[in-house]
K.L.:
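I have a structure I would like to understand better, so I am pasting it below and will then ask my questions one at a time.
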Amino acid sequence: MKAIPFLLRVSVSPALSGRRKMGLMNILCPESPTVWDGNGFSECFENMVFGFGANLVTVVLVVALGIRYRNAQVRRIMRMHILEMVFLLAVPALAACLSFYDIVLLLKKGLKGQPIRHHELFFRCSQVTSWVTIILFLKCEHWFLIFFNRVLCFWWIVKPLLEIPHLQTKLLSLQAVACFREISSIILDVVFGVFINTVRVMRASTRNRKLIFLEDSLEPLLPHNKDLDESHVEYSGEASCCYWHLLTFKSINSVMDLGVTKQLDFEDLIQLPNEMNPSSCYDTLLRCWVEEQSKHCNQPSLFRAICHAYGWPYICLGLLKVINDGIGFIGPLLLNKLIRFLQQGSGYYDGYVLAILLGLTSTFKSFLDTQYTFHLSKLKLKLRSSIMSVVYRKCLCLSLANRSEFSEGEVQTFMSVDADRTVNLCNSFHDMWSLPLQIGVALYLLYTQVKFAFISGIAITILLIPVNKWISTLIANATEKMMKQKDERIRRAGELLTYIRTLKMYCWELIFANRLMETRELEVKHLSTRKYLDAWCVFFWATTPTLFSLFTFGFYALMGNPLDAATVFTCLALFNTLISPLNSFPWVINGLIDAVISTRRLGRFLSCSELNFEIQSSNEYVVDPSSTCLFEDQAGSSVEPMAVVMRDACCVWSKKNEEQATVLNHITLKLPKGILVAVVGEVGSGKSSLLNSIIGEMLLIHGFIRSQGSISYVSQVPWILSGTVRDNILFGKDYDAKRYTEVLHACALDVDISLMVRGDQAYIGERGLNLSGGQRARIALARAIYHGSDVYMLDDVLSAVDAQVGSWILHEAILGCLMNQKTRVLCTHNIKAISYADMIIVMDKGCVKWVGGLADFSLSPYATTPSLEDSNISSSHSIREKSGKDSGDLRTNLLQERDSMAVSEEAQETTEVEVRKEGTVELRVYKSYATFSSWPIVVLICLSAALMQASRNGNDLWLSHWVDSADSSHNLKHHSTSFYLVVLCIFCAMNSFLTLVRAFSFSYGGLRAAVNVHGELLNSLVNAPVHFFDLNPSGRILNRLSSDLYTIDDSLPFILNILLANFFNLMGIAIVLSYAQILFLLLLLPFWFIYRKLQFYYRSTSRELRRLDSVSRSPIYASFSETLDGSSTIRAFKQEESFLARFIEHVALYQQTSYSELTASLWLSLRLQLIAAFIISFIAVMAVIGCRGGLPVNFGTPGLVGLALSYASPIVSLMSSFLTSFTETEKEMVSIERVLQYMDVPQEELHACQPLHSDWPVQGNVEFEHVTLRYMPSSPAALRDVSFNIAAGTQVGIVGRTGAGKSSVLSALFRLTPICGGRILVDGINVADVAVRDLRKHFSVVPQSPFLFEGPLRDNLDPSGMSSDSTIWEVLEKCHVKEEVEAAGGLDVNVKEAGMSFSVGQQQLVCLARALLKSSKILCLDECTASVDTRTASILQNTISSECKGMTVITIAHRISVVMKMDNILVLDHGVLVEQGNPQVLLQDEHSRLSCFAKASTIQL
């Protein structure tokens, strides 16, 4: 029984508790739903949860962090600028005062007997408490630890978002002052949060750079209640940046002041912030990519790595964008309230408050908008620099075998196009969720205005979604196909530019241009598909607002609802808000598709396996210098000290060829330290592949290869760096004067350098274009010797030099004191060099056939050269004696030559500084682009755009008339609702049709311009003289054909379209505003004056910045292209780090120009938006004054007033967008300007007065009469008064030491360089009177550097298709290359890029076969046997003698044996013909030059 009262109490207590809770809720939320009121959250829920709850969380977080850090040891105090501290205290104080004022108003209502809403009182009290708590804790010693905590910084961004529902509720009321207080409160919240996060990020950006290596090491030592990001770093007041300058972009003022007065230079640009340093950006992305590869070995994603590197700041920017987009919708709501005020006249000062609020909201949004763009663009620049650097680093670390999966054009596209498209992911990704969010919010606000009538508009949007998805899929497919063709086009363009000199000698430049045009046509085909699909996208999305307006208002009126000014023009303002996201959405989708495709392409490239590098630090990737084990399948070491060990090694050049025959088959070698190893074998036997396998450039599929110590490598085709002679030799090493002098002496370079204008500071052009072949080889050798490596890999270094210099190099360099204790692996055909070898390796078809010493080699079956038997190894004494005698004789000869006036074959200073225009982009540039597009198309575009805008403005004016008519019953008697709807439909149909015409005409005009620009540019380049390509590096020209052409293809039409739309939109707005609000004309003149001043001040700088941007971009591509050519040399010398550092310097300069350009554009955008905000405030205030009769001018009907106010709102973005698009158009026009520069280059003489018969030359007689040739007007003559006569059908050899002018004879004969004096006669016809292409196609030539292009071998031999297969096979057999071609796959085998399918010697044989196929009467051979073995050279000479009977053969040779059997010989010395005659006769004269050469060469073969 005692339990019953207890049970009753237990059973009753829940009911009592529930009643108490219900009583509490009734007190807090009287007559209000607890959560939902049917249209949204209830006001009680908003105040108690989003308001009171958020403030309570703020107080708890601040107090908890204050308690946490109360005992923290402060080692350094964070010092801030005085203005920063004032701002940090002023914002909370102002917010607290504003909240306290709201509490006073609530209590005042209570004292008057009015009911107080307790939930609002709780909310206001919590606001005051939170701000007072913030102020109190800001006075604490540890305030920076509290407020810059990561959790609290994130909360400062989230908290204002929770107040948006409360703000929306206030805006729906008609109380203007209450709206002003709520907006001010939320703005203070946003400003405080953004300020705190900005300060934290700026402090961290400088601090993290200094502590980047300390983070990992100190992290375990830090206490758990403190992280490194909150460590205390002292900053002085002078070092901290003024945030007002950051908000207003005043840092660019100094640059813009200079831009008005002079041409800007790189020194005038603003400095990069520490966080944008390309080195740190590269390090960040590389760390994340390495982590991504370790986590996802099979399918690493570059997108995930980018997210890991830059995801957090990007998310923070997303929060800022949410706030920015949310504030953008306050304008239409305020506009609605203002129009209703004008209709109802409620309140005395509500109208003025609303008008001022409109201006203030626009002002605040201007700052948020520019700051978001600024920080997003900074993030894009950081990402761009890091991607470019990572791609460059990948090229440095990727072996030739692994890189063979990608063409050179494709790799260059990674740098030029894919990097930019991946960076655009930053825009597209945020826009992908932001634009739908904006559209959704706009639709919701439309629902509050017209209820369910807006569903008809939504139906239009929903119907377009699958259509746009289908179009986007087609665009993605077209883009992917277009990118493949673009890769191929850039590759072919690079091939054309690289070998332009050889192509002109062959007269193949038009053939290659046509091949390039075929690729361009395929690219344009896919580009046109994409452009026309884009046009459909633009049409669908551009007409959507008009259709939306028609269906929404029509359905609303047909439902029987009256149209009033507030509803119509609020909806129009929301429609204008919809226009930007709707029009941008297709571009965003396309940009996102492009970015995803490019990210995958880059990820596939970056995922390729690299050489076995060991990461030693965050940004240093080097091979262990003590013991380099490049490829190893099993452990093993030799007892003897071996420099190179190969055990059963099988290597291929590509992964695709692993299953095919290997290039090197089961090689087993042991090369002891300190010996000279000669690698011999016929052409294509695998000599160069052996060296490349040792340095790790080939793919090892079996066995292992180990090298001990550092390696220096000299390739068969010497790689020369653009720069000075000294830079090429030092190659990153410190300058040692003594060793440097010894190296120059050993390589016989001291005399050459002394004859150069600036000595060893003379500038060498791209690929050593202003050096002879022998000079390039000796500089490459000097580079290797100067580095003093343990192992030297020398690939046929003696073949490019003459006999005298070759003998000197052999004795003074290879056998001299600088190298005699080192391991030297020399691939050679030089018998004299073989005779000094300690070990000889015989290669044949990728196998080692024999290894041993010279004594054994002489008895082996491989010693097939008779002269070898006479080249027995002498005693060391005789070798030194002979070497000393030869060296002394050569030294005497060189010193004698030094006294004469001598130069290298081309002037040392040949590369011009890239020219950039000054001042405005000339009108002729715009006219040229219009001409490229076709003037009728331009007229059609402008006319359709103007009529389209007129139809849109007519649509709005008709709505205004409809609204005014609705207030007058008189008019409704004559016109029904159907009448107004029919007229509205007519305007809508006209607008849709004109939009379609504009979209497609723009696409057609842009495509036509792209095709014409490329065609004329290519035609101009192909017809340019060789001298033009000597002056301009191929990277600079390729920049026009890649980046600039991409701008003309894609970016320029896009920005021009936006410019045209903005221009006519502004014109329409100005006309409508002038018609609706006559006082707007008072602002028009001063506003136009200010506008002109601003745009002039800005454009003067922006043009120069864009030109600097283009100029700073060229070295990046030039350096990248150069590195691709010499990557194997760079890796062999372990210079990856120095080259990466140099590339990052180029990127830093490019980054600096882009950053300055960005800051300048935002400087202008902010000021224009502030002017537009003033215009809005002015129109709104004038409307309020006018409606109260305060002005004598009649402002017209309410409909016109509403129209004026709705048109004034978008002027904020339109004014900025117009000038931005105008400036961007001018910047993009710089690409047209740069292309036009290369369309105006000098052209070769394609037409001449002397016609030629098809059989010319009939005899082949060549006569030089007093010929003088200079490569530049300021340079000394390469040929001086040279006269000789070559009889028809004779074979003539031209000899002379390096730089004597041998190749200049061919340059003059082929008119590659115009002669300064004299004349050249061929069969009595002056070649100057013959068109250059007619002249060259009648000659045959085998160039010094063999040239094979990517494509079928048949096309390489006979691109015009004039010879039958049987004829081709016959010629290949005569040139002893038939077996190799058959083994490779026949005439249809695809030759890899740069002829990598064949060895250099085989390439030379193919070039000889090509010349014999032409069957010309004159055949010119420029060192054609330099890269083949002696046996093959002898056979080739016999072939030439037998097959070329009756032909005039001019041979330039370094091997004296090559010219011994010729009819005549010419000896040149520094451009002067010093000797000529029969070689046998000249040899009998001991004092003749030829006799001296023969003695020096020791019958060198």
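Nothing fancy with the numbering, it's 1 onward along the sequence. Just the heavy atoms: all of them, side chains too, but no hydrogens, waters or symmetry mates, feed the values below.
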K.L.:
What distance separates L1468 CG from E1475 CD, expressed to the nearest 0.5 Å?
P.N.:
11.0 Å
K.L.:
Give the minimum heavy-atom separation between S1112 and F266, together with the two atoms involved.
P.N.:
CB-CE2, 3.8 Å
K.L.:
After noting the C-alpha distance and the side-chain angles of F1120 and H1146, does the key distance pass the ring-ring contact (aromatic ring centres under 6.0 Å, His included) rule?
P.N.:
CA-CA 10 Å; F1120 186 61; H1146 294 320; over 10 Å; no
K.L.:
Taking all non-hydrogen atoms of both residues into account, name the closest pair between N1032 and I1037 and its distance.
P.N.:
O-CD1, 3.8 Å
K.L.:
Please check: side-chain N/O of R778 versus main-chain N/O of A748, any donor-acceptor pairing under 3.5 Å?
P.N.:
yes
K.L.:
Measure the CD1-CD1 distance between I764 and I779 for me, rounded to the nearest 0.5 Å.
P.N.:
4.0 Å
K.L.:
Is it true that the side chains of Q1135 and S1138 contain a donor and an acceptor less than 3.5 Å apart?
P.N.:
yes
K.L.:
State, without any angle test, whether S1128 and E697 hold a side-chain donor-acceptor pair at a distance under 3.5 Å.
P.N.:
no
K.L.:
Do side-chain atoms of R776 reach the backbone of L771 as a donor and acceptor pair under 3.5 angstrom?
P.N.:
yes
K.L.:
Which residue in the set N692, V714, V825, V677 passes side chain to side chain contact (heavy atoms under 4.5 Å, CB included) when paired with M793?
P.N.:
V825
K.L.:
Can you sort out the partners of F1310 under ring-ring contact (aromatic ring centres under 6.0 Å, His included), two or more places apart, ordered by chain and number?
P.N.:
F1339
K.L.:
Using modelled atom types and a 3.5 Å cut-off, is there a donor and acceptor pairing between side-chain atoms of E812 and backbone atoms of H745?
P.N.:
no
K.L.:
Just do the ring-ring contact (aromatic ring centres under 6.0 Å, His included) check on Y1271 and H1027 with the steps written out, would you?
P.N.:
CA-CA 8 Å; Y1271 286 97; H1027 182 63; 8.3 Å; no
K.L.:
Step by step, would you call L497 with L1038 a side chain to side chain contact (heavy atoms under 4.5 Å, CB included)?
P.N.:
CA-CA 8 Å; L497 296 174; L1038 196 62; 4.1 Å; yes
K.L.:
If you look at every heavy atom in L826 and V797, which pair is closest and at what distance?
P.N.:
CD1-CG2, 4.0 Å
K.L.:
Under 3.5 Å, is there a donor-acceptor pair between the side chain of H787 and the main chain of S710?
P.N.:
no
K.L.:
Could you tell me the separation between the OG1 atom of T498 and the CG atom of D1125, rounded to the nearest 0.5 Å?
P.N.:
6.5 Å
K.L.:
Name all residues meeting the ring-ring contact (aromatic ring centres under 6.0 Å, His included) criterion together with F1028; count only those two or more places apart in sequence or in a different chain, and write none if there are none.
P.N.:
Y1238
K.L.:
Once you round to the nearest 0.5 Å, how far does OG of S789 lie from CZ of F1133?
P.N.:
6.0 Å
K.L.:
Is there a donor-acceptor contact under 3.5 Å from the side chain of T1153 to the main chain of Y1150?
P.N.:
yes
K.L.:
Can a donor-acceptor pair be found, under 3.5 Å and without considering hydrogens, that links the side chain of T823 to the backbone of G674?
P.N.:
yes
K.L.:
Please check if any side-chain donor atom of D790 sits under 3.5 Å from a side-chain acceptor atom of Q708, or the reverse.
P.N.:
no
K.L.:
Shortest non-hydrogen contact from A782 to V743?
P.N.:
O-CG1, 3.4 Å
K.L.:
Is it true that a side-chain atom of D268 and a backbone atom of D265 form a donor plus acceptor pair closer than 3.5 Å?
P.N.:
yes
K.L.:
Rounded to the nearest 0.5 Å, what separation is found between the SG atom of C395 and the CD atom of E1136?
P.N.:
12.5 Å
K.L.:
Using modelled atom types only, decide if a donor and an acceptor are shared between the side chain of K504 and the backbone of A1024 within a distance under 3.5 Å.
P.N.:
yes
K.L.:
Going by distance alone, is a donor N or O of one side chain under 3.5 Å from an acceptor N or O of the other, for S389 and R393?
P.N.:
no
K.L.:
How close do C827 and S688 get, counting heavy atoms only, and between which atoms?
P.N.:
SG-N, 4.5 Å
K.L.:
Which heavy atom in G696 sits nearest to a heavy atom in S399, and how many Å separate them?
P.N.:
O-CB, 3.5 Å
K.L.:
In terms of the angle between their ring planes, are Y499 and F1347 parallel, tilted or perpendicular, with boundaries placed at 30° and 60°?
P.N.:
tilted
K.L.:
Nearest 0.5 Å please: distance from the OH atom of Y836 over to the OG1 atom of T828.
P.N.:
13.5 Å
K.L.:
May I ask you to check whether Y392 and T1123 show a side-chain donor-acceptor distance below 3.5 Å?
P.N.:
yes
K.L.:
Flag the pair R1142 and E1137 as a salt bridge only when some basic side-chain nitrogen lies within less than 4.0 angstrom of an acidic carboxylate oxygen.
P.N.:
no
K.L.:
What I want to find out is whether D1422 reaches K1302 closely enough, with some N-O distance under 4.0 Å, to be called a salt bridge.
P.N.:
no
K.L.:
I want to know whether F1139 and F731 have ring centres closer than 6.0 Å.
P.N.:
yes
K.L.:
Assess the side chains of S807 and K832: does a donor N or O sit below 3.5 Å from an acceptor N or O?
P.N.:
yes
K.L.:
How would you list all residue pairs meeting side chain to side chain donor-acceptor pair (under 3.5 Å) that involve residues 726-741, not counting sequence neighbours?
P.N.:
T724-D727, R726-D760, N728-R783, Y740-D760
K.L.:
Testing L815, L798, L749 for side chain to side chain contact (heavy atoms under 4.5 Å, CB included) with I809, which one passes?
P.N.:
L798
K.L.:
Hey, does the side chain of R1131 reach the backbone of L398 with a donor-acceptor pair shorter than 3.5 angstrom?
P.N.:
yes
K.L.:
For the residue pair T1313 and S1307, confirm or rule out a side-chain donor-acceptor distance under 3.5 Å.
P.N.:
no
K.L.:
So, K687 and D796, do they make that salt bridge, N to O below 4.0 Å?
P.N.:
no
K.L.:
Using modelled atom types only, decide if a donor and an acceptor are shared between the side chain of W719 and the backbone of E1122 within a distance under 3.5 Å.
P.N.:
yes
K.L.:
Hydrogens and angles aside, do D795 and S715 bring a side-chain donor and acceptor to less than 3.5 Å of each other?
P.N.:
no
